[in-house]
Amino acid sequence: MRSEIADADRLVVKVGSSSLTTPDGGFDLDRVRQLAAALSELQKSGRRVVLVTSGAIAAALAPLGLRRRPRDLETQQAAAAVGQGLLIRHYTEAFAEHGVLVAQLLLTVEDVLRPTTYRNALDTMSRLFRFGVVPIINENDTVATHEIRFGDNDRLAALVAHLVRADALFLFSDVEGLYTAHPSEPGSELIRHVPDIQALDVDTSRVGSKVGTGGMATKLEAAQIAAQAGIHVVLTHADNLVPALAGEEVGTLFSPVGKRRPRRLLWLAHAAETRGRLHVDTGARHALVTTHASLLAAGVVSLEGVFSEGEPVDIVGPDNEPFARGFVGYGSEALAGMLGHHGDQRQSLRPVVHRDQFIDL
């Protein structure tokens with residue numbers, strides 16, 4: 001048994017589109033009922049559970065007469081608009097059979113970059129926990145664009161796990177776990193435990209199923225995000241739902257590799273679409289990397305983009321490679337007149353990017 005999983009008090013469970021679809025392309029209501037039964041039992045035992053679910057577009061394929069997930073953004077958004085209502089109805093009815101209420105939260109990246117809406121999302125989930133309600137989260141595909149979307153619910157689940165301070169994240173998919181090579185390759189073996197995901201060397205080049213957006217690469221990225229936030233991660237097949245939640249040794253376990261970072265900084269590293277770039281000199285780069293000093297105007301040699309105070313920007317070194325990301329203390333117009341300026345003592349106390357507002361990439 002994996003005691004760190006069996007004893008986890010706060011859980012985030014992600015299920016992908018491929019796990020909610022039958023072999024003939026229909027929506028798998030039996031899987032929804034299985035999820036509802038297992039998560040309701042956990043909720044009633046006093047543990048706090050968040051469900052991150054794909055499947056809105058998959059749920060709409062049959063009603064719309066589509067054979068596979070649409071490729072163009074407009075049809076995806078239309079299918080999501082149809083399917084999201086169907087999806088939450090199925091979950092609501094399935095959880096109600098066990099006397100558990102659910103709530104729907106649809107998120108975009110913009111929701112968690114703005115301080116007000118970020119705090120609102122966190123406060124809403126905290127209050128739902130107190131009411132004994134299971135939050136069901138999906139990306140808001142009806143309004144998200146290619147430029148601002150999470151891209152897949154694996155990464156969304158990892159970021160939500162960090163947001164709610166989860167102890168464990170479960171990624172349920174159509175594979176048994178992480179293999180040394182693609183499962184179809186001869187000699188490929190299941191990896192039961194990954195103590196350090198950064199030391200992995202496996203082939204993740206093949207894409208996912210025809211109804212999902214993510215493959216193994218996105219799952220490893222999600223596992224890395226969560227592990228770096230101090231969260232245990234289990235990746236396994238949706239058929240292993242019950243034993244995985246109980247802590248049995250199924251699938252692949254990724255151990256935490258770092259301490260929890262402040263919430264907004266992890267979101268900054270993995271979810272933010274930056275509004276511009278600050279090019280810094282060698283001295284500023286050294287100070288930021290080695291001593292985690294604040295970035296002052298004296299170290300900024302040029303800037304790109306149009307941005308406002310408080311928006312995310314990349315910090316770029318002399319080699320033209322981004323090495324950090326932060327929330328900028330000035331708008332681009334004001335900052336343009338300060339480049340390389342040392343200023344007086346009062347100005348030096350207000351950095352371009354404060355050391356508590358940036359994160360290494």
Side-chain angles (χ1 to χ4, degrees), residues 13-40 50-98 100-108 134-146 149-157 160 170-176 183-184 206-216 218-219 222 235-242:
V13 174
K14 182 265 177 180
V15 60
S17 296
S18 59
S19 300
L20 294 171
T21 308
T22 59
D24 62 359
F27 191 72
D28 193 345
L29 288 174
D30 288 336
R31 181 76 74 194
V32 170
R33 295 187 185 100
Q34 182 188 27
L35 271 166
L39 299 187
S40 294
V50 178
L51 174 60
V52 178
T53 180
S54 301
I57 294 177
L61 296 185
L64 292 176
L66 301 175
R67 293 187 176 182
R68 59 178 299 164
R69 181 186 178 93
R71 296 178 182 272
D72 63 288
L73 180 61
E74 291 78 9
T75 307
Q76 287 178 11
Q77 292 176 326
V82 172
Q84 189 61 46
L86 298 173
L87 183 66
I88 197 63
R89 186 194 75 187
H90 294 320
Y91 276 121
T92 300
E93 293 174 349
F95 276 91
E97 293 179 5
H98 304 276
V100 174
L101 286 174
V102 299
Q104 174 179 259
L105 286 82
L106 301 177
L107 300 177
T108 69
V134 173
I136 298 181
I137 297 175
N138 197 355
E139 183 169 20
N140 194 350
D141 289 312
T142 60
V143 299
T145 69
H146 289 308
R149 65 190 315 245
F150 287 104
D152 62 84
N153 276 347
D154 295 310
R155 191 158 63 114
L156 172 57
V160 167
F170 297 85
L171 300 175
F172 291 110
S173 184
D174 55 358
V175 294
E176 290 297 323
S184 63
R206 301 197 188 182
V207 298
S209 70
K210 64 181 180 180
V211 295
T213 59
M216 186 55 67
T218 68
K219 291 169 178 56
L235 167 64
T236 190
H237 199 286
D239 289 344
N240 296 327
L241 174 71
V242 173

Name the orientation class of the two ring planes belonging to F95 and Y91 (parallel below 30°, tilted from 30 to 60°, perpendicular beyond 60°).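 Answer is tilted, since the angle falls between 30° and 60°.
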Gap between atom [atom2] of [Y] and atom [atom1] of [X] - 0.5 Å precision:
| X | Y | atom1 | atom2 | result |
| --- | --- | --- | --- | --- |
| R67 | L61 | CZ | CG | 12.5 Å |
| L20 | D174 | CG | CG | 11.0 Å |
| T92 | L87 | OG1 | CG | 9.0 Å |
| S173 | M216 | OG | CE | 6.5 Å |
| K14 | F172 | NZ | CZ | 11.0 Å |

Do you know the tightest heavy-atom contact between [X] and [Y]?
| X | Y | result |
| --- | --- | --- |
| S54 | S17 | CB-OG, 3.3 Å |
| D72 | T75 | OD2-OG1, 2.7 Å |
| L171 | A222 | CD1-CB, 4.2 Å |
| N153 | T53 | ND2-O, 3.1 Å |
| F27 | H90 | CE2-CD2, 3.4 Å |
| A58 | T21 | CB-OG1, 3.9 Å |

Please output the side-chain donor-acceptor pairs of residues 29-36 that fall under 3.5 Å, not counting sequence neighbours, one pair per line with the distance.
residue : atom : partner : partner atom : Å
D30     : OD1  : R33     : NH1          : 3.1
R31     : NE   : S19     : O            : 3.0
R31     : NH1  : Q34     : OE1          : 3.2
R31     : NH1  : A238    : O            : 3.3
R31     : NH1  : D239    : OD1          : 3.1
R31     : NH2  : D239    : OD1          : 3.0

With no hydrogens and no angle check, is any side-chain donor or acceptor of Q104 less than 3.5 Å from a backbone partner on I136?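 Pair absent, no side-chain N/O of Q104 close to backbone of I136.
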Quick one: does any side-chain atom of E139 pair with a main-chain N or O of L106 as donor and acceptor, under 3.5 Å? no
Could you tell me whether the side chains of N240 and E176 share a donor-acceptor contact shorter than 3.5 Å? yes
ring-ring contact (aromatic ring centres under 6.0 Å, His included) pairs, two or more places apart, involving residues 51-86: none
